[in-house]
There are 2 protein chains.
Amino acid sequence: MAESKSELLLNLIKEYITQTLPSVSLDLVIFGFHDGQLKILLMRLLHTEHWCLPGGRIYQEEDLEAAAYRSLQERTGLHELFLQQFYTFGDVARYRHYTNREAIAKLGLPDWFTKDVNLISRDVSVGYYALVEFTRASPTPDLFADECRWWNIDEVPTLLFDHNRMIQVALKTLRRQLSYQPIGYNLLPDKFTMPQLQQLYETILGQSMDRRNFQKRILSYDILERLEKLQNGKAHKAPYLYRFNMDQYQKALEEERFLF
Amino acid sequence: MAESKSELLLNLIKEYITQTLPSVSLDLVIFGFHDGQLKILLMRLLHTEHWCLPGGRIYQEEDLEAAAYRSLQERTGLHELFLQQFYTFGDVARYRHYTNREAIAKLGLPDWFTKDVNLISRDVSVGYYALVEFTRASPTPDLFADECRWWNIDEVPTLLFDHNRMIQVALKTLRRQLSYQPIGYNLLPDKFTMPQLQQLYETILGQSMDRRNFQKRILSYDILERLEKLQNGKAHKAPYLYRFNMDQYQKALEEERFLF
DNA sequence: TCAAAAGTGTTCAATGTACACCCATGC
DNA sequence: GCATGGGTGTACATTGAACACTTTTGA
């Protein structure tokens, strides 16, 4: 079974070499939200304790964005997600702390591989971030990884390559995006309460906000529909459930007139 | 002489093939400002009437950003400029309206070239925009071009590839940048008047502003130093000259707290 | 002395911020 | 009945927008 996986991996590498663009790759910063925590999907590289961002390659006849969507779907099982390109990383030193020989050894690939294949090649990598609904995603490792799971954003370990920096840049872009576009769809369940939405904003921005002003502001943008109250059996007033009005939400996304 | 240039071109293409990264390139949207007009530097492709953005390739041991700076310097003669990555374009169709054979014929290269070289390959291209001082730049075509000159932004013709779209995206990013960072250094001469600065803002944003409110707002950010009055022999009150206080200007750039 | 363009200040509206009171619910 | 957390409204401060008058200068 381990043999078979190794063979699959060999085939995938061959496919990559013959059918994808050389020198370019993409990396995904996949954000989720659960228990009041912002989370990121990370992969553990085969036979190692090294974690990194999920990535992907671009097939010769595939659009860049399509490749990003495909990779995202392969890692989460989800489609129709929010996906946004945020920066392209191209420093030569990006890969310096991991040699080709090491990588091939770690992956358990035959030694002769080293001559023919640059597994750790110097790629320019296009960074995308995605917002996904934590409960619906099924983290799935690719053939290069043993494991794929969520990490709290403030507990992310030192990652391979320049992936920690990528997360920083992604988060910065996400925060900026928050100041002119609404957020929440794809990060929250279909129905959610106002305190939940506020918690999301506070978590992303890393600061707390006034409950009453938050509600006023969000409601003033007319992107929410109020539903029934949530009966959750807690010892306090039941909060209302809300749902995004997708027409209005889309309009706000396009017009970029949502100010926060 | 034409022979010699053709040889140089051949050598450059060989150098590109052997020493730069395949599948990745970069394109430059170089903004200048003159006579109250926002301008863009365009190149006319060798032996054609087709205009396009200046571009560049990345050497194997060169950082992406360094490659962008190098290309910018080659086209303008300037260094220490404002340069900002804004988006990476990777649609397969980007190149579709120009075949490899056509390109090679147009460039006056030998026909046998067609077999070996994909001059119009499917590249993912990283877009950068730059702000340069119109009067100091010396537009210089590369070996692929006959001509390199400024165009008013509202007179830009239909360009090759997806370059018109690139300009749109660059301009949109520039406008957004204007809302949280100061601008003007690298686009204006060292000393400039308040009306000049305002004209720059109005041109970039495409809307006129109140003279008095503009002045108040800009001055409140403490990034300007007032100098002597400008004696220009015009039949009206002489405006003050200003200069950017670079310490404050840099601080404002970094803190992104400049709100416009 | 007049037109053109620049400097400065005031008023008002809108927006954002701080803050207080009431309500529903389970223990 | 009380602690917890949620809903709503009001007062104040800050910011942004609209607007008018004065100054300098060359023709």
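All chains are named by letter (A, B, ...) in the order of the sequence lines, taking the proteins before the strands, and each is independently numbered beginning at 1. FYI, side chains are in, hydrogens and waters are out, and symmetry mates aren't considered; it's all heavy atoms of this structure. Computed from a predicted model, the values in this text were never measured in an experiment.
Geometrically, Arg176(B) engages Tyr180(A) in a cation-pi contact, judged by NZ or CZ lying under 6.0 Å from the ring centre and within 45° of the ring axis.
Remark: the backbone N or O of Thr88(B) is paired with a side-chain donor or acceptor of Gln85(A) at under 3.5 angstrom. Side-chain atoms of Asp162(A) do not come within 3.5 Å of backbone N or O of Arg165(A) as any donor-acceptor pair. A donor-acceptor pair under 3.5 Å is formed between the side chain of Asn164(A) and the backbone N or O of Pro157(A). Side chain of Tyr185(A) to main chain of Phe244(A): no donor-acceptor pair is present (N/O by atom type, distance under 3.5 Å, no hydrogens or angles). Although no hydrogens or angles enter the test, the distance criterion places a donor-acceptor pair under 3.5 Å between the side chain of Glu202(B) and the main chain of Met209(B).
Protein chain A contacts DNA chain C from dT17(C) to dG26(C), reading 5' to 3' and using non-hydrogen atoms of the protein with a distance under 4.0 Å.
Rounded to 10 degrees, the angle separating the terminal axes of the helix from dT1(C)-dA27(D) to dC27(C)-dG1(D) is 10°, with each axis obtained from five end pairs.
Within residues 194-206 of chain A, the residues approached by DNA chain D to less than 4.0 Å at the level of any non-hydrogen atom are Pro195(A), in residue-number order.
Under 4.0 angstrom from either OP1 or OP2 of dA11(D) there lies no side-chain N or O belonging to Arg212(A).
Between Lys234(B) and Ala235(A), the residue anchored nearer the 5' end of DNA chain D, judged by the nucleotide with its closest heavy atom, is Ala235(A). Heavy-atom distances to DNA chain C give each of His236(B) and Gly233(A) a nearest nucleotide, and the one nearer the 5′ end belongs to His236(B).
In this entry the distance linking CD of Gln215(B) with P of dC21(D) reads 20 Å, nearest Å. Atom pair Lys237(B):NZ and dT22(D):P shows a separation of 12 Å (rounding to whole Å applied). At whole-Å resolution of the value, CG in Asp210(A) and P in dG6(D) are 13 Å apart. Taking atom CG of Asn213(A) as the reference point, atom P of dT10(D) lies 14 Å away to the nearest angstrom. Computed from coordinates, the Phe192(A) CZ to dG6(D) P distance equals 15 Å when rounded to whole Å. In this structure, Ile218(A) places its CD1 atom 15 Å from P of dT8(D), rounding to the nearest Å. Between the P atom of dA17(D) and the CE atom of Met209(B) lies a distance of 9 Å, rounded to the nearest Å.
The shortest side-chain heavy-atom distance between Phe82(B) and Gln177(B) falls under the 4.5 Å cut-off.
With values rounded to the nearest 0.5 angstrom, Asp123(B) atom CG is found 9.5 Å from Phe161(B) atom CZ.
Within 4.0 Å (heavy atoms only), Arg211(B) reaches at least one base atom of the nucleic acid. Within 4.0 Å of Lys216(A), counting heavy atoms only, lies at least one base atom of the nucleic acid.
The only option from Ile30(A), Val132(A), Leu72(A), Asn186(A) that meets the side-chain contact (heavy atoms from CB on, under 4.5 Å) definition with Leu78(A) turns out to be Val132(A).
Between Arg175(A) and Glu256(B), no side-chain nitrogen of the basic residue sits less than 4.0 Å from a carboxylate oxygen of the acidic one, so the salt-bridge criterion is not met.
Checked against the 6.0 Å centroid criterion, the rings of Tyr87(A) and Phe89(A) qualify as a close aromatic pair.
Between Glu65(A) and Leu83(A) the shortest heavy-atom distance is O-CD2, 4.4 Å.
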